[in-house]
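This report concerns only the one structure given below.
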There are 2 protein chains.
Amino acid sequence: MSSLVGSDSSELGRGGRLPRSARRKQLLAAAQQVFVANGYHAAAMDDIAERAGVSKPVLYQHFPGKMELYLALLDTQAEMLGAAVNQALAATDDNRARIHGVLTAYFEFVDRSDEDGAFRLIFETDLGNDPAVRERVEAVAQKTMQAVADTVAGDTGLDRAQAELLSTALTGAAQVAARWWLAEDRPISQEDAVRLMESLLWRGISNFPRQGEPGH
Amino acid sequence: MSSLVGSDSSELGRGGRLPRSARRKQLLAAAQQVFVANGYHAAAMDDIAERAGVSKPVLYQHFPGKMELYLALLDTQAEMLGAAVNQALAATDDNRARIHGVLTAYFEFVDRSDEDGAFRLIFETDLGNDPAVRERVEAVAQKTMQAVADTVAGDTGLDRAQAELLSTALTGAAQVAARWWLAEDRPISQEDAVRLMESLLWRGISNFPRQGEPGH
DNA sequence: GACCGCGTGGAGGTCAAGATCGGCGTGCTG
DNA sequence: CAGCACGCCGATCTTGACCTCCACGCGGTC
């Protein structure tokens, strides 16, 4: 009756005891699968434990609670996305190349995390109301937007608020487009998608009409 | 001890009995306040009933459950936004004017619903996982995107998938920008915001380089 | 002026899900 | 070989939120 090892794809590494570090990583992987599949609220700690092939007490010996578990995953993904975008912005001084890089970063992020759907933790969380989560999610978008706004403000002469509005639109467009592209199962190649978006955004923002320079 | 009518701003229309229609509208208003303030999950039926100054049974005599109550509100708001966008698209044949109209529709929607924050029901719901909710929310964006994609495909010669990608980016940019603008407490006037966004999007999409016309 | 029905209110049931306690087996160490 | 420590599990508690039952009071009618 009691089979030794569940070779089911639904269970990860069932079997004997593991060192804490390995067990922790395994629990994080299981939790990510469940959170991504069901969202935070519908995800049950029982499901996560079962998914990992352990019992609930073990789960609580590694994480104080559901929220901390979620935040650990969220931080990891936010770090990844933030680093990728940052690198794309710092890699060059050519603004068109920057747009290309940031777009690629977004598309790569949703594409790479398609296997596990990790991007949903950031872009489609059902915890937008929780302050801790909200802060972390907005921090990524804000940091990117601010960096873009610096360049936009310098190049267009727009004041800060105006530059931030356009920067929000640009980064938001990239994010929404990448999500749509993945949700539609990549109807076109990633290269084509990035090229199209790059063309759209670059035509929009480059040589943006200087305005609002008072007097002079 | 028992004050007759709660003139508190926290309670709506406490006092005697109301005709069903009026009571229903009042319950919807109370529910909207609570849902917007706390999100779906954190909102308690007790809070909604208390907010409306009635007891829970009456709430359940008007709505079968929490979900139906939420969906009623969601449908109303989705209808409003969809109608506004539709009207903006149908009002003219000039595509730049269409962009202006749609942008205005989005900004008006978040602005007008700032008093009660109704736009959060659509744009920041914490029920993105529930099929019924997801379907309704996506339907609005999808319909808009499809309408825009029709025009984009016709004007640029792009194939359907490419046109839809760009249309998603355009409508997504409008939505994200409007939400940012409100979240930042309207740092610039609505007219300026719409003008800036219109300039950005129109420069991006107008005279988009024709490509992908095979052979011929 | 008395009666009857309907809408209202407070108190309670049910259940799901997060969080926890004593016992067991296994592998290392002297 | 014996003791020990550690990781693990089954079973349970508790909280909180959705959802109904018995008493009360107001409006229409003869």
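- Remark: A/Arg23 is in phosphate contact with D/dC8, judged by side-chain N or O atoms under 4.0 Å from OP1 or OP2.
- Here the side chain of A/Asp46 is nearest to one of C/dA17, D/dA17, D/dC9, namely C/dA17.
- Looking only at distances, no side-chain donor or acceptor of A/Gln33 sits under 3.5 Å from a matching main-chain atom of A/Ala30.
- When distances are taken from the side chain of A/Lys56 to each of C/dG18, D/dC8, C/dT8, the shortest belongs to C/dG18.
- Rounded to an integer number of Å, the gap from CG of A/Leu69 to C1' of C/dG18 is 13 Å.
- As a whole-Å value, the separation of B/Asn38 CG from D/dA17 P is 10 Å.
- Rounded to a whole Å, the CG atom of A/Leu59 is 14 Å from the C1' atom of D/dG7.
- If you check every strand for non-hydrogen atoms under 4.0 Å, B/Ala42 touches nothing.
- Counted by atom type alone, B/Thr125 and B/Tyr70 present one or more donor-acceptor pairs between their side chains at under 3.5 Å.
- Distance, A/Ile48 CD1 to C/dA17 C1': 12 Å, rounded to whole Å.
- Checking C/dT8, C/dG18, D/dC9 against the side-chain heavy atoms of A/Met45 singles out C/dG18 as nearest.
- No side-chain donor from either of B/Gln77 and B/Arg136 sits under 3.5 Å from a side-chain acceptor of the other.
- What separates CD of A/Gln61 from P of C/dC21 is a distance of 11 Å, to the nearest Å.
- Looking at A/Ser199, its side chain never comes within 3.5 Å of a backbone N or O of A/Arg195 through a donor-acceptor pair.
- Separating the CZ atom of A/Phe35 from the P atom of C/dA17 is a distance of 13 Å, rounded to the nearest angstrom.
- Atoms NZ (B/Lys66) and C1' (D/dA17) sit 7 Å apart, rounded to a whole Å.
- Contact annotation: A/Tyr60 side-chain N/O to C/dA19 OP1/OP2 distance is under 4.0 Å.
- Whole-Å rounding puts the B/Asp47 CG to D/dC18 C1' distance at 13 Å.
- Counting any heavy atom pair closer than 4.0 Å across all strands shown, A/Ala49 reaches no nucleic acid atom.
- Looking only at distances, a side-chain donor or acceptor of B/Gln26 sits under 3.5 Å from a matching main-chain atom of B/Ala52.
- Relative to the side chain of B/Pro57, the nucleotides D/dT20, D/dG10, C/dT20 differ in distance, and D/dT20 lies closest.
- Of the residues near DNA chain D, A/His62 and B/Tyr40, the one whose nearest nucleotide (by heavy atom distance) lies more toward the 5' end is A/His62.
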